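No experiment lies behind these values; they were computed from the predicted model shown.
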Amino acid sequence: MFKRKPDQCFEIRYEKEKRTVGEGLGWRSEGMSKEEAARLRNLVTQNIRQGKSPQSIAEMRAMDAEAKAQASAQKKAEERAAVTFGEMADLFLDWSDENKKSSAEDRARYAKHLKRQFSKKRIKEISALDLERLKSNLKKKGLAPATIRQCLQLMKVIFNKTRAWGKHDCLFPVVKFPRADNRRVAFLTPGQAELLLTKIKKKSLRLWCQCVLSLYAGLRFGEVASLELSDIDLEAGTIHVRDGKGGTRHAYLTDPIQNALEEIWAAYGKKPGLIFPMRSGKRKGGVQACVSKVYFRTVEELGLNEGVEDVRQKVVFHTLRHSFASWLVMGGESLVTVQELMGHADISTTMRYSHLAPDIKRGAADRLVKALTPKRKAEVIEIKRGES
């Protein structure tokens with residue numbers, strides 16, 4: 001029933017290719033009417049006579065569906081083209097929080113160096129020229145090539161990730177990334193290290209223990225902050241370093257480290273979970289997000305960076321790790337051993353310390369000469385005997 005009357009279904013019949021074709025159109029309750037049915041029949045029969053499309057209701061419906069699909073695709077394309085870089089950055093950073101250990105660094109880098117210039121700009125409007133201007137502006141601010149490279153890399157990842165998620169169709173503009181060589185090379189002398197540790201211990205036992213772990217085991221700060229009680233094997237004398245940059249590895253419990261851990265446990269208790277739990281300034285899971293400011297104030301008080309302009313020569317927390325590697329090399333350890341202890345995925349990273357071992361290289365050359373000399377003398381004697 002429709003409007004208190006029996007509902008009606010409309011269909012049309014027409015001749016095509018010498019046969020009668022019948023097609024249903026729909027019900028009155030769906031909006032079909034006698035007049036509309038007549039109009040559609042006239043359109044079909046006229047197109048058949050003129051050889052145009054559509055020549056059936058089915059073809060008409062297919063064409064209409066295709067037109068709607070194209071319109072929908074065009075609308076979606078326009079919507080994708082209208083998205084801003086800021087919207088895409090927000091999507092990526094939310095994903096980064098759940099999937100990347102470096103999410104805090106991503107957010108800080110975006111907020112400090114990219115947000116102001118690009119957040120409101122449509123992603124399709126970002127050009128290679130915009131990126132060249134970004135490089136120039138960051139360089140004028142005094143940022144190191146590696147930092148500029150990291151900013152560009154973050155933009156590229158945001159482009160590529162959100163494109164893969166179907167949010168837009170834009171490719172990252174072709175731009176030359178600056179060559180980055182700001183690898184830190186500074187290291188402490190044993191005297192400087194002892195002075196620094198002594199001064200820090202008076203201010204913060206927790207920070208002092210973290211410094212000892214980095215200085216005597218070569219741990220990165222993130223690796224130190226993530227250490228749990230279950231990672232310490234007192235019987236084997238090892239530290240299980242999980243998910244480092246170069247993968248999982250083992251460090252070793254030398255006396256300074258064991259003594260430091262015993263002091264921290266005596267002061268704060270030996271509890272399961274994180275060795276250095278934090279209640280504020282933390283990443284997900286309670287892991288400390290950054291080095292205590294006490295460290296940098298102490299470095300400043302000792303004047304360790306006084307007059308140092310090159311960022312690679314400045315003393316930072318990572319300098320403790322570099323000191324560990326540098327002392328190993330200067331002590332005669334092979335670069336392969338240093339690579340394994342440092343957790344370097346590639347030996348080329350370890351090669352930065354090779355200049356600290358010139359005597360080792362000279363010693364190897366001298367040993368080669370000594371090894372060959374007796375043989376060469378014997379050959380000379382044999383030749384002389386043959387001559388006589």
Side-chain angles (χ1 to χ4, degrees), residues 1-100 106 110 114-115 117-131 154-174:
M1 297 292 290
F2 179 66
K3 294 184 178 180
R4 299 182 180 180
K5 294 181 180 180
D7 204 356
Q8 290 180 293
C9 182
F10 294 88
E11 67 174 34
I12 59 173
R13 294 181 181 276
Y14 53 90
E15 295 291 326
K16 184 178 180 182
E17 297 177 352
K18 297 182 179 181
R19 68 184 182 88
T20 302
V21 179
E23 292 186 288
L25 298 179
W27 295 84
R28 182 185 295 275
S29 58
E30 297 172 341
M32 186 53 63
S33 66
K34 182 178 179 180
E35 293 76 18
E36 179 63 10
R39 185 189 73 80
L40 292 172
R41 183 183 184 280
N42 289 337
L43 176 62
V44 170
T45 55
Q46 184 178 355
N47 286 346
I48 291 172
R49 289 195 301 271
Q50 296 177 355
K52 298 191 304 184
S53 293
Q55 294 187 11
S56 68
I57 297 301
E59 185 180 358
M60 188 182 299
R61 287 169 176 161
M63 291 175 64
D64 185 53
E66 183 179 356
K68 288 180 179 179
Q70 289 179 351
S72 176
Q74 178 65 25
K75 183 179 179 181
K76 288 181 179 178
E78 291 173 355
E79 289 174 351
R80 288 196 299 271
V83 299
T84 65
F85 182 76
E87 291 170 334
M88 297 301 97
D90 289 341
L91 282 176
F92 172 79
L93 293 172
D94 288 343
W95 174 88
S96 180
D97 288 340
E98 297 296 324
N99 295 276
K100 292 181 64 181
D106 288 341
Y110 171 71
L114 303 176
K115 186 174 182 178
Q117 183 174 349
F118 293 106
S119 64
K120 296 181 180 179
K121 197 175 184 71
R122 289 186 179 185
I123 199 164
K124 71 171 186 177
E125 296 173 347
I126 296 177
S127 65
L129 181 59
D130 291 318
L131 300 183
L154 177 59
M155 288 194 70
K156 185 175 182 178
V157 171
I158 292 172
F159 259 81
N160 293 344
K161 272 290 184 185
T162 53
R163 184 173 184 268
W165 293 337
K167 298 300 181 180
H168 62 87
D169 303 311
C170 304
L171 295 172
F172 186 70
V174 177

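Heavy atoms only, all atoms of each residue included: Met63 and Pro54 are closest at SD-CB, 3.7 Å. Listed here is the closest heavy atom pair of Val44 and Met60: CG2-CE, 4.1 Å. Between Thr84 and Lys120, the shortest heavy-atom distance links the atoms CG2-O, 3.8 Å. Summarising the geometry of Asp7 relative to Ser29, their closest heavy-atom pair is OD2-OG, 2.6 Å, with the distance given to 0.1 Å. Closest heavy-atom contact between Ala128 and Pro173: N-CB, 3.6 Å.
Applying the side chain to side chain donor-acceptor pair (under 3.5 Å) rule to Lys100 yields the partners Asp106; only residues at least two apart in sequence or on another chain are considered. Remark: Lys161 pairs with Phe92, Trp95, Val157, Trp165 by the side-chain contact (heavy atoms from CB on, under 4.5 Å) rule, at least two apart or across chains. With sequence neighbours left out, Arg39 forms a side chain to side chain donor-acceptor pair (under 3.5 Å) with Glu36. The ring pair (Phe, Tyr, Trp, His ring centres under 6.0 Å) search around Phe172 returns Phe159, not counting sequence neighbours. In this view, Gln50 and Gln46, Lys52 satisfy the side-chain contact (heavy atoms from CB on, under 4.5 Å) rule, not counting sequence neighbours. The side-chain contact (heavy atoms from CB on, under 4.5 Å) test applied to Glu11 returns Arg13, not counting sequence neighbours. In this view, Asp94 and Arg107 satisfy the side chain to side chain donor-acceptor pair (under 3.5 Å) rule, not counting sequence neighbours. Taking the side-chain contact (heavy atoms from CB on, under 4.5 Å) definition, one finds that Asn42 meets it with nothing, sequence neighbours left out. For Gln55, the side chain to side chain donor-acceptor pair (under 3.5 Å) test picks out no residue, with sequence neighbours left out. The salt bridge (Lys or Arg N to Asp or Glu O under 4.0 Å) test applied to Asp90 returns no partner, not counting sequence neighbours.
Ring orientation note: the planes of Phe85 and Tyr110 are tilted relative to one another, at an angle of 30° to 60°.
Atom-to-atom distance recorded for Leu171:CG and Asp169:CG is 9.0 Å, nearest 0.5 angstrom. Interatomic distance, CD1 of Ile126 versus CE of Met88, reported as 11.0 Å (0.5 Å rounding). Atom CE in Met32 sits 9.0 Å away from atom SG in Cys9 (nearest 0.5 Å). The NZ atom of Lys34 lies 8.5 Å from the CZ atom of Phe10; values are rounded to the nearest 0.5 Å. Interatomic distance, CD1 of Ile12 versus OG of Ser56, reported as 9.0 Å (0.5 Å rounding).
Under the salt bridge (charged side-chain N to carboxylate O under 4.0 Å, His left out) criterion, the residue pairs touching residues 60-70 are Asp64-Lys68, with sequence neighbours excluded.
Counting only heavy atoms from C-beta outward, the side chains of Asn160 and Lys156 approach each other to under 4.5 Å. The shortest distance between side-chain heavy atoms of Lys167 and Ile123 does not fall below 4.5 Å. Looking at Arg163 and Cys170, their side chains never come closer than 4.5 Å, going by heavy atoms from C-beta outward.
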Distance-only donor-acceptor hits, side chain of residues 18-27, under 3.5 Å, sequence neighbours excluded:
residue, atom, partner, partner atom, Å
Thr20, OG1, Glu15, OE2, 2.6
Glu23, OE1, Tyr14, OH, 2.7
Glu23, OE1, Ile57, N, 2.7
Glu23, OE2, Ile57, N, 3.3
Glu23, OE2, Ala58, N, 3.0

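Remark: the backbone N or O of Ser127 is paired with a side-chain donor or acceptor of Asp130 at under 3.5 angstrom.
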Could you walk me through whether Val83 and Arg122 satisfy the side-chain contact (heavy atoms from CB on, under 4.5 Å) test, starting with their C-alpha distance in whole Å, then the side-chain angles of each, then the deciding distance to 0.1 Å, before giving a yes or no? CA-CA 6 Å; Val83 299; Arg122 289 186 179 185; over 6 Å; no
